[in-house]
Amino acid sequence: MLIKLFFTSEDYEKSLRQRRLAALAFLGVGLVGFACYFLLVPGSTLSDYAQGFYLGAASGITAGAVILLGRVQYLLTHPAAQKKARIRETDERERAIVRSAFQTAGVVTFFTAAGALFVVLPIYPQAFYALFAVMVLYSLAFLISAQILEKRL
């Protein structure tokens with residue numbers, strides 16, 4: 001859904017080609033994760049959890065990229081399926097649902113992180129700083145995007 005949100009233009013076929021490039025970029029990230037897992041992790045002093053993160057994240061990113069790449073290739077080579085997908089993606093109701101879902105997810109994530117700050121500060125200060133940094137980044141991204149959209153719209 002996020003890929004559809006970022007890579008949608010008036011020319012649907014161009015959007016699909018951009019999505020294919022994004023899928024290839026994600027595939028590259030996944031393969032880098034696998035390379036790190038097989039080349040760097042075995043001789044390291046990382047905990048089992050950290051080692052599992054490399055394998056799990058690399059597997060998930062690679063699988064998602066392959067699925068996205070397959071879907072986009074299918075749509076690029078089957079005009080009837082492409083037309084059906086274009087109609088579905090450009091439907092105003094569908095777009096409103098996606099925007100509303102992102103807005104709701106952002107609010108829930110922000111306030112969950114704010115609540116978690118109170119819990120993690122006495123237990124694990126590094127997690128507090130990480131959560132706080134994410135909240136600051138989210139706030140800055142919101143303010144900057146609001147300014148940009150205000151000028152564009």
Side-chain angles (χ1 to χ4, degrees), residues 1-41 44-72 75-76 85-86 88-153:
M1 207 180 284
L2 191 59
I3 295 294
K4 288 179 188 177
L5 186 67
F6 289 135
F7 298 106
T8 300
S9 68
E10 295 299 320
D11 182 1
Y12 189 68
E13 194 164 325
K14 180 182 175 186
S15 298
L16 291 176
R17 288 192 302 273
Q18 289 173 336
R19 291 177 194 179
R20 180 174 50 195
L21 290 175
L24 290 171
F26 281 127
L27 185 60
V29 170
L31 294 177
V32 166
F34 277 125
C36 289
Y37 177 74
F38 288 113
L39 299 176
L40 301 176
V41 171
S44 71
T45 59
L46 290 174
S47 67
D48 289 341
Y49 175 78
Q51 291 180 21
F53 169 79
Y54 275 96
L55 184 58
S59 299
I61 292 170
T62 302
V66 168
I67 291 168
L68 177 62
L69 188 60
R71 171 85 172 136
V72 169
L75 290 175
L76 282 170
R86 180 178 42 82
R88 188 175 55 246
E89 285 183 30
T90 56
D91 177 45
E92 281 303 314
R93 181 175 179 272
E94 177 78 18
R95 295 177 96 170
I97 290 170
V98 169
R99 282 191 296 268
S100 180
F102 272 107
Q103 184 179 20
T104 303
V107 168
V108 168
T109 301
F110 187 83
F111 285 105
T112 301
L117 289 177
F118 291 106
V119 175
V120 299
L121 178 58
I123 300 169
Y124 194 56
Q126 290 85 354
F128 171 84
Y129 295 126
L131 276 174
F132 188 72
V134 168
M135 290 178 67
V136 168
L137 176 65
Y138 180 89
S139 299
L140 289 174
F142 173 80
L143 293 172
I144 291 168
S145 64
Q147 291 296 317
I148 291 170
L149 289 173
E150 185 178 314
K151 290 177 183 176
R152 281 191 180 172
L153 301 177

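From a predicted model like this one, the values you see are computed outputs, not experimental measurements.
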Would you give the length of the straight line joining atom [atom1] of [X] to atom [atom2] of [Y], rounded to the nearest 0.5 angstrom?
X	Y	atom1	atom2	value
Arg19	Lys14	CZ	NZ	13.0 Å
Phe110	Met135	CZ	CE	3.5 Å
Arg86	Asp11	CZ	CG	10.0 Å
Leu131	Leu117	CG	CG	5.5 Å
Phe53	Asp48	CZ	CG	15.5 Å
Phe34	Leu39	CZ	CG	12.5 Å

- Message: Could you check whether any side-chain heavy atom of Leu75 comes within less than 4.5 Å of a side-chain heavy atom of Arg71, counting everything from C-beta outward?
- Response: yes
- Do the non-hydrogen side-chain atoms of Tyr54 and Leu40 ever get within less than 4.5 Å of each other? no
- Phe111 atom CZ, neighbour heavy-atom count above 12 within 6.0 Å: no
Of all heavy-atom pairs between [X] and [Y], which one has the smallest distance, and what is that distance?
X	Y	answer
Ala65	Ala23	CB-O, 3.5 Å
Glu89	Tyr12	OE2-OH, 2.8 Å
Arg99	Glu92	NH2-OE1, 4.1 Å
Ala58	Gly30	CB-O, 3.6 Å

- Message: Main chain of Thr109, side chain of Thr112: is a donor-acceptor contact present, judged purely on distance under 3.5 Å?
- Response: no
- Query: Of Thr62, Ile61, Leu55, which is the lone residue that meets side-chain contact (heavy atoms from CB on, under 4.5 Å) with Ser59?
  - Reply: Leu55
